[in-house]
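The analysis underlying the following values was restricted to heavy atoms, covering all of them including side chains, and did not include hydrogens, waters or symmetry mates.
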Amino acid sequence: MKKDVLIRIKDRQRSAFESEGVDITTAGCFKGSPMDYKIEFPECFDGGNVCNTVLHVKDKRCVTMLRKGAYYSELIIEQDKRHSCHYITPYGDFMVGIYAKSVNSDMDENGGMLKMKYTVDYDSGYAAENEITVKVNSYN
């Protein structure tokens with residue numbers, strides 16, 4: 001199944017020094033079934049940089065976040081596991097560790113919600129804690 005959807009993303013990030021948040025509403029595409037689906041959407045960053053982002057969710061517990069464009073990253077966010085992931089920005093590329101505290105998906109053919117809480121580390125040190133909520137609504 002493939003359908004056009006409205007996507008609302010709430011992204012909160014906390015580090016030892018600051019907290020910040022971003023709320024995004026965008027049009028996108030939903031493909032798949034509740035147990036194995038992809039959410040695809042464009043993402044704009046500071047300076048007008050644009051990326052195509054794909055969230056691939058498997059078994060409601062593992063999310064692969066793939067960004068292509070001005071930034072490139074492939075992050076694996078899997079419940080109770082740590083993955084080393086590649087991240088490329090216009091300022092350089094590096095490896096980060098992603099440890100998922102929780103991944104919850106409640107999605108069906110009409111939309112639903114995906115929530116992820118994870119920590120990011122690099123050079124074996126804590127960098128930030130992220131919480132992302134993705135709400136998907138069908139246009140129908």
Practice prompt. Say whether M65 and V120 are linked into one hydrophobic cluster, either directly or through other cluster members, by side-chain heavy-atom distances under 4.5 angstrom.
Written response: yes
Original post:
Between Q79 and K101, is there a donor-acceptor pair closer than 3.5 Å when you use the side chain of the first and the backbone of the second?
Top reply: yes
Are I76 and I88 joined in one hydrophobic group, where the rule is that I, L, V, M, F, W and Y side chains link up if heavy atoms are under 4.5 Å apart? no
d(H56 NE2, E74 CD) to nearest 0.5 Å is 11.5 Å
**OP:** Check for a donor-acceptor pair, side chain of K38 on one end and backbone N or O of V54 on the other, with a separation under 3.5 Å.
**Re:** no
inquiry  = I'd like to know if M35 and L55 are part of one continuous hydrophobic network [Ile/Leu/Val/Met/Phe/Trp/Tyr, side-chain heavy atoms within less than 4.5 Å].
reply    = no
Correct closest heavy-atom pair for I77 and A100 would be CG2-CB, 3.7 Å
Test item: K10 and R12 side chains (from C-beta on) under 4.5 Å apart, heavy atoms:
yes
Practice item. Evaluate the side-chain proximity of K3 to N110: yes if any heavy-atom separation is below 4.5 Å, no if none is. Key: yes
What one should report as the nearest heavy-atom pair of F30 and D108 is CZ-O, 4.1 Å
Smallest heavy-atom separation, I7 atom then E40 atom, equals CD1-O, 4.0 Å
_Given 3.5 Å as the limit, does a donor-acceptor pair link the side chain of S15 with the main chain of F17, or not?_
yes
Original post:
Are V134 and I24 connected, step by step, through hydrophobic side chains (Ile, Leu, Val, Met, Phe, Trp, Tyr) whose heavy atoms are closer than 4.5 Å?
Top reply: yes
Review point. Is there side-chain contact between L75 and V96, with heavy atoms separated by less than 4.5 Å?
Key: yes
Heavy-atom nearest pair, A128 first then Q13, reads CB-NE2, 3.6 Å
Correct closest heavy-atom pair for E43 and T53 would be OE1-OG1, 2.5 Å
Any ion pair linking D106 and K135 (charged N to carboxylate O, less than 4.0 Å)? no
Item to complete: Before accepting this row, confirm whether a basic side-chain N of the pair E129/R14 lies closer than 4.0 Å to the acidic partner's carboxylate O.
Response: yes
Residue set satisfying ring pair (Phe, Tyr, Trp, His ring centres under 6.0 Å) with Y122, at least two apart, ordered chain then number -> none
Taken to the nearest 0.5 Å, the spacing of K31 NZ from I39 CD1 works out to 12.0 Å
What one should report as the nearest heavy-atom pair of S105 and L114 is CB-CD1, 4.0 Å
**Cluster overlap Y87 with V50, hydrophobic side-chain contacts below 4.5 Å** = no
